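Being a predicted model, the structure only gives us computed values, none of them experimental. In what follows, chains carry the letters A, B, and so on, assigned in the order in which the sequence lines appear, proteins first and then strands, with residues in each chain numbered from 1.
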Amino acid sequence: MDAALHEWNLSPKQAIALQSQLAQQLESSDRIDPVTYIAGVDIGFEEGGAVTRAAVVVLKWSPDMAPQLPVIEQVVHREPTRMPYIPGLLSFREIPAALGAFAKLTTQPQLVMVDGQGIAHPRRLGVAAHLGLWLDLPTIGIAKSRLTGIHAEVGEARGDWVPLMAKQEVIGAVLRSRTNVKPVFVSPGHRLTLATSLEWVMRCLGPTKLPEPTRLADRLASRRDQKRIKETR
DNA sequence: GCGACAG
DNA sequence: ATCTTGTCGC
């Protein structure tokens with residue numbers, strides 16, 4: 001608990017140093033249990049950013065029903081925001097709330113999909129990778145835009161992808177998850193290879209460009225949905 | 001030195 | 001991320 005107490009109250013310089021160190025603890029090969037439950041995580045903000053809202057949705061994995069996976073559990077957790085948004089340091093702003101949401105979760109997922117980058121990060125520790133270390137679970141980062149890395153043009157057909165490169169290293173994939181729609185950036189976080197990450201994202205692809213777990217977490221975390229729930233009550 | 005820059 | 005209605009386009 002001591003580490004937790006300080007990990008989220010670091011100066012930018014300290015946080016950057018910690019990222020480089022933690023990135024070395026990431027596992028880049030597959031170490032994943034048979035998947036029964038998949039969690040999707042998304043973070044939102046309220047009160048002009050003063051409050052951080054973490055949403056986690058757990059879906060039951062079923063090859064037959066995919067991508068229409070039944071929702072098993074949903075959790076929304078709120079707490080005061082600790083840090084401003086600084087490109088490259090997103091995890092220090094979002095993970096505390098995410099951990100709060102996971103603490104309230106009853107179901108234990110075997111795979112977690114996160115809104116943001118995995119290792120496609122300047123120091124290879126995007127929010128999905130950082131969260132994976134904390135949860136000690138396989139994580140995949142699915143970002144709607146690029147943080148770092150270069151890539152060729154992606155084909156227009158659903159499923160087309162090109163590697164996202166940093167120097168000579170492959171740090172992720174630019175995936176056309178929906179035909180003629182802006183691609184998403186997929187990168188492994190912890191305990192998964194890029195190939196396996198892409199397989200799971202493809203398997204969970206529903207009607208929109210985002211895989212179902214993060215799409216549903218997004219919806220649960222959205223301001224609109226919060227209102228909708230209140231009005232429905 | 002000049003941009004770029006997840007959510 | 002968030003502020004926010006209607007509207008342009010396939």
With a 4.0 Å cut-off, would you call D136(A) and R191(A) a salt bridge? yes

Between Q14(A) and S11(A), do the side chains contain an N or O donor and an N or O acceptor separated by less than 3.5 Å? yes

What does Q117(A) touch in the nucleic acid at a heavy-atom separation under 4.0 angstrom: a base, only the sugar-phosphate, or nothing? base

For a quick check under 3.5 Å, do Q117(A) and H130(A) share a side-chain donor-acceptor pair by atom type? no

Just call it for G44(A): base, sugar-phosphate, or nothing, with non-hydrogen atoms closer than 4.0 Å on any strand. sugar-phosphate

Would you classify G48(A) as touching base, sugar-phosphate or nothing, given that sugar-phosphate means primed atoms plus P, OP1 and OP2, and contacts are heavy atoms under 4.0 Å? nothing

Any stacking of Y85(A) on dA1(C), going by centres under 5.5 angstrom and planes within less than 30 degrees? no

Can you measure L90(A) atom CG to dG7(B) atom P for me and round it to whole angstrom units? 8 Å

I'd like to know whether NZ of K182(A) has more than 12 heavy-atom contacts from other residues, nucleotides or ligands below 6.0 angstrom. no

Hey, could you give me the OG1/CG distance between T139(A) and L111(A), rounded to the nearest 0.5 Å? 8.5 Å

Sort out for me which residue in F102(A), W8(A), F92(A) forms a ring-ring contact (aromatic ring centres under 6.0 Å, His included) with W134(A). W8(A)

Name the nucleic acid region contacted by R146(A), choosing base, sugar-phosphate or nothing; use a 4.0 angstrom heavy-atom cut-off, strictly under. sugar-phosphate

Between atom CD1 in I86(A) and atom C1' in dA4(B), what is the gap in whole Å? 16 Å

Mind checking if I95(A) touches a base, just sugar-phosphate, or nothing, with heavy atoms under 4.0 Å? nothing

Side-chain N or O of T148(A) versus OP1/OP2 of dA4(B): is the shortest distance under 4.0 Å? no

Backbone N or O of C204(A) within a donor-acceptor pair of the E212(A) side chain at under 3.5 Å? no

Any base atoms under 4.0 Å from N180(A), or only sugar-phosphate, or nothing? Heavy atoms, all strands. nothing

Given Watson-Crick or G-U pairs with both distances under 3.5 Å, what dot-bracket string fits DNA chain B, with | for other-strand pairs and [ ] for crossing? .......

Phosphate oxygens OP1/OP2 of dA6(B): is one of them under 4.0 Å from a side-chain N or O of K144(A)? no

